[in-house]
Structures are given as structure tokens and as C-alpha cells.
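For reference, the structure discussed in these notes is given below.
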Amino acid sequence: MPGTISSDLSELAAARKRLAELEAELAIHRRDAELLGEVTSPKGGAKRST
């Protein structure tokens with residue numbers, strides 16, 4: 001099918017861009033948590049470090 005490959009490449013590029021955005025956002029949240037003295041789990045829970 002014409003356009004299928006370029007469409008797939010476009011979707012892949014968009015997914016990679018979104019992944020990079022989410023990773024940057026996660027890094028910001030992790031730094032914030034460190035500054036606040038919290039340890040976060042990958043599932044979103046938080047517990048106070050002692």
C-alpha cells in the first residue's frame with residue numbers, strides 16, 4: 001500500500017518524541033521528590049525516607 005511505510009515512520013517518530021517528553025517530565029518529578037526527601041515507587045506511591 002502506498003503511504004503505509006511513511007505513515008508508520010511518522011507514527012514512530014511521534015511516539016519517540018512523546019516518549020522523550022515523558023522521560024523528561026519523569027526526570028523532573030524525580031528531582032522534585034529528591035528535593036522533598038521522598039522516595040517514589042514506579043507505581044506512583046510515595047513514602048517518606050528516614
Side-chain angles (χ1 to χ4, degrees):
M1 289 185 161
T4 301
I5 292 174
S6 65
S7 172
D8 290 346
L9 290 175
S10 177
E11 286 183 33
L12 182 58
R16 286 181 173 161
K17 180 180 178 183
R18 181 64 179 143
L19 181 59
E21 291 170 353
L22 291 171
E23 287 174 339
E25 186 176 329
L26 181 59
I28 291 168
H29 288 289
R30 284 182 175 158
R31 279 194 302 267
D32 288 347
E34 287 178 16
L35 290 173
L36 295 173
E38 297 177 351
V39 178
T40 58
S41 73
K43 297 198 180 218
K47 64 179 182 180
R48 184 68 69 184
S49 61
T50 55

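Given the structure is predicted, the values throughout are model-derived calculations rather than measurements.
Identified under the side-chain hydrogen bond (donor to acceptor under 3.5 Å, both in side chains) test for residues 19-28, with sequence neighbours left out: Arg18-Glu21.
Not counting sequence neighbours, the partners of Leu9 by the side chain to side chain contact (heavy atoms under 4.5 Å, CB included) test are Ile5.
Taken from NZ in Lys17 to CG in Leu12, the straight-line distance is 14.0 Å, to the nearest 0.5 Å.
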